[in-house]
Chemist: 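First the structure, which I've put down as structure tokens, then a few questions once you've had a look.
Heavy-atom basis, side chains included; hydrogens, waters and symmetry copies ignored. Please read all numbers here as calculations on a predicted model, not as lab measurements.
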Protein chains: 2
Amino acid sequence: MKISAQEEYGLRCLVQLAGTSKDESLTLPQIAEREGISQSNAGKLMWLLNKAGFVTATRGTKGGYSLSRPAEDISLSEVIKVLEDDEVEAHCGSYTGVLDSCVHTGDCGIRSVIVGLHEVVQNALSNVSLAQLVGTEKKVDETFHRIQGLSQVAMIKDGRAVSE
Amino acid sequence: MKISAQEEYGLRCLVQLAGTSKDESLTLPQIAEREGISQSNAGKLMWLLNKAGFVTATRGTKGGYSLSRPAEDISLSEVIKVLEDDEVEAHCGSYTGVLDSCVHTGDCGIRSVIVGLHEVVQNALSNVSLAQLVGTEKKVDETFHRIQGLSQVAMIKDGRAVSE
DNA sequence: TCAAATCTTTACTTTTGAGTCAAGATTGCA
DNA sequence: TGCAATCTTGACTCAAAAGTAAAGATTTGA
């Protein structure tokens, strides 16, 4: 379970914009420099984010990119959904080994794990907004640890999960 | 955020063993056939799982693989930790763009997300055992949805997260 | 209108992960 | 002992993701 380069860099570019005052915009060279990536790469990412409606691009002198919506209203789950390139829906069609379709037809425990995991991740991400990533680590840490703690408690109280 | 081929197939091979009666073992050709992957690929995966101590391998005629511990005692979080090839600890050393180290030194909101996400996933997985994956989808679904529901409730009650 | 600044798009190259192959080592059985 | 079944290991090939490059399109301002 790993975040892809596209997800990470794309998110970072958005956070740069979120940290820029509302009436200003950032150009491709600026974004590239601030994130330590090439201008070409930044260009591709911003193109994706523009297509998805997160940013507005203006061409010509004095052009650049800015967020289309307030950073507070953009949740990470939306962003990641756009930046990740495969859908969970299609899962049974990938990882089919040497065959055309997955050997596990019908009732499949693995599938549940994949889907369940994706839900857990999306749920966690839906509780964090772009705006929260601008400042220090504290706010984010707090959010995740709250989710963390509660799940833990639930599992212990329930008791069945691990020792079933 | 995506599960790798190694994680998926490795897990599936283990589930095959978990579904085999305690005194029996499965050979490489058997595992490969049941999961629809090549024998070579299965060999590599089982070698990893053997090295990590999840399975015991016996060579020679009548040999094969079997679980080293009861399936009920093996949690998915342990398994995934072994099958995923990069550590979260090393995160700031990957995705450094064209530079040698990440441009975000010190206090970094992105890092929190990566680490927090990993914790959420590991926590969810620690509540599912190999044994639970053998049967139908129901048990797994239940577990994940329980985690899901509780996080959701917590966020709503708290209220700050999304609309801060 | 023209040139400079900027985004857009497609094609190409590089890198990394996935998968295969083949030779080697160990065990059981006749 | 010797052969057949089985796991082990490292090198190799292939495919997909990541990143780069270059030509094109749009806007602003002189």
Side-chain angles (χ1 to χ4, degrees), chain A residues 1-13 17 24-33 35-68 83-86 90 93-99, chain B residues 1-13 17 24-33 35-68 83-86 90 93-99:
Chain A
M1 208 76 193
K2 185 176 162 189
I3 200 166
S4 72
Q6 184 161 281
E7 289 171 297
E8 157 119 21
Y9 291 135
L11 187 54
R12 273 160 57 173
C13 290
L17 290 181
E24 283 185 85
S25 63
L26 293 179
T27 67
L28 231 26
Q30 285 176 316
I31 295 173
E33 208 231 333
E35 284 306 330
I37 60 180
S38 73
Q39 193 171 321
S40 307
N41 201 3
K44 185 197 254 179
L45 292 166
M46 296 313 291
W47 174 69
L48 268 171
L49 293 168
N50 181 21
K51 214 176 49 167
F54 291 116
V55 303
T56 304
T58 314
R59 291 204 252 204
T61 315
K62 294 279 176 185
Y65 297 93
S66 58
L67 289 183
S68 307
L83 292 172
E84 75 186 351
D85 36 27
D86 76 322
S94 58
Y95 299 145
T96 59
V98 294
L99 310 173
Chain B
M1 209 73 191
K2 185 176 160 188
I3 200 166
S4 71
Q6 184 162 281
E7 288 169 299
E8 157 120 21
Y9 291 135
L11 187 53
R12 273 160 56 172
C13 291
L17 290 181
E24 282 185 84
S25 64
L26 293 179
T27 68
L28 230 27
Q30 285 177 315
I31 295 173
E33 207 231 335
E35 284 306 330
I37 60 180
S38 74
Q39 192 171 322
S40 307
N41 203 3
K44 185 197 253 178
L45 292 166
M46 295 314 292
W47 173 70
L48 267 171
L49 294 168
N50 180 21
K51 213 177 52 170
F54 291 116
V55 303
T56 305
T58 316
R59 291 205 252 204
T61 315
K62 294 279 174 184
Y65 296 93
S66 57
L67 290 183
S68 308
L83 292 171
E84 73 184 355
D85 37 25
D86 76 321
S94 57
Y95 299 144
T96 58
V98 296
L99 310 174

Chemist: Checking A:I37 against A:I31 for the side chain to side chain contact (heavy atoms under 4.5 Å, CB included) test, could you report, in this order, the C-alpha distance in whole Å, the side-chain angles of both residues, the deciding distance, and whether it holds?
Modeler: CA-CA 8 Å; A:I37 60 180; A:I31 295 173; 5.5 Å; no

Chemist: Pick base, sugar-phosphate or nothing for A:G43, based on heavy-atom distances below 4.0 Å to the nucleic acid.
Modeler: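 No contact at all - A:G43 keeps every heavy atom at 4.0 Å or more from the nucleic acid.
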
Chemist: Want to settle it: does A:S38 or B:A57 sit nearer the 5' end of DNA chain D, counting the closest nucleotide to each?
Modeler: B:A57

Chemist: Say whether, by atom type as modelled, one donor and one acceptor occur between the side chain of B:Y65 and the main chain of B:N50 under 3.5 angstrom.
Modeler: no

Chemist: Mark yes or no for a side-chain to base donor-acceptor pair under 3.5 Å between A:K62 and D:dG29, with no hydrogen or angle criteria applied.
Modeler: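 A donor-acceptor contact between them is absent.
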
Chemist: Could you state the atom-to-atom distance from CG of B:L28 to C1' of C:dC21 in whole Å?
Modeler: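 So the two atoms are 14 Å apart, to the nearest Å.
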
Chemist: Would you please test B:K2 and A:S4 for side chain to side chain contact (heavy atoms under 4.5 Å, CB included) and show each step?
Modeler: CA-CA 8 Å; B:K2 185 176 160 188; A:S4 72; over 6 Å; no

Chemist: Nearest whole angstrom, please: distance from the P of D:dA18 to the CG of A:D85.
Modeler: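 Taking atom P of D:dA18 as the reference, CG of A:D85 is at 7 Å.
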
Chemist: Would you mind reading off the distance between B:N50 atom CG and D:dT6 atom P, rounded to a whole angstrom?
Modeler: 17 Å

Chemist: Return the value, rounded to whole Å, for the distance between atom OH of B:Y9 and atom C1' of C:dG17.
Modeler: 13 Å

Chemist: In this structure, which one of A:L26, A:L48, A:L45, A:L67 forms a side-chain contact (heavy atoms from CB on, under 4.5 Å) with A:V55?
Modeler: A:L67

Chemist: Rounding to a whole Å, what distance do you find between A:L48:CG and D:dA17:C1'?
Modeler: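 Spelled out: CG on A:L48 to C1' on D:dA17 is 13 Å.
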
Chemist: Roughly how far, to the nearest 0.5 Å, is the CD1 atom of B:I3 from the CG atom of B:L11?
Modeler: 6.5 Å

Chemist: Let's see if you can work this out: which of D:dA5, D:dA18, C:dT8 has an atom nearest to the side-chain heavy atoms of A:R59?
Modeler: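 Closest nucleotide to the A:R59 side chain: C:dT8.
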
Chemist: So which one's nearest nucleotide on DNA chain D is more toward 5', B:T58 or B:V98?
Modeler: B:T58

Chemist: Atom CG of A:L45 to atom P of D:dG19: distance rounded to whole Å?
Modeler: 8 Å

Chemist: Any side-chain N or O of A:W47 less than 4.0 Å from the OP1 or OP2 oxygen of C:dT9?
Modeler: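 Looking at the OP1 and OP2 atoms of C:dT9, one of them is under 4.0 Å from a side-chain N or O of A:W47.
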
Chemist: Out of C:dC7, D:dT28, D:dC7, which has the shortest distance to the side chain of A:T61?
Modeler: D:dT28

Chemist: Return the value, rounded to whole Å, for the distance between atom NZ of A:K44 and atom P of C:dT6.
Modeler: 23 Å

Chemist: What is the distance, to the nearest angstrom, from the OH atom on B:Y95 to the C1' atom on C:dT15?
Modeler: 13 Å

Chemist: So, is B:S40 close to the C:dG19 phosphate, meaning a side-chain N or O under 4.0 Å from OP1 or OP2?
Modeler: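 So the side chain of B:S40 is outside the cut-off, no N or O lying under 4.0 Å from OP1 or OP2 of C:dG19.
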
Chemist: For a quick check of understanding: with a heavy-atom distance under 4.0 Å over all strands, which category does A:K2 fall into, base, sugar-phosphate or nothing?
Modeler: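 Sugar-phosphate contact only - A:K2 comes under 4.0 Å of backbone atoms but never of a base.
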
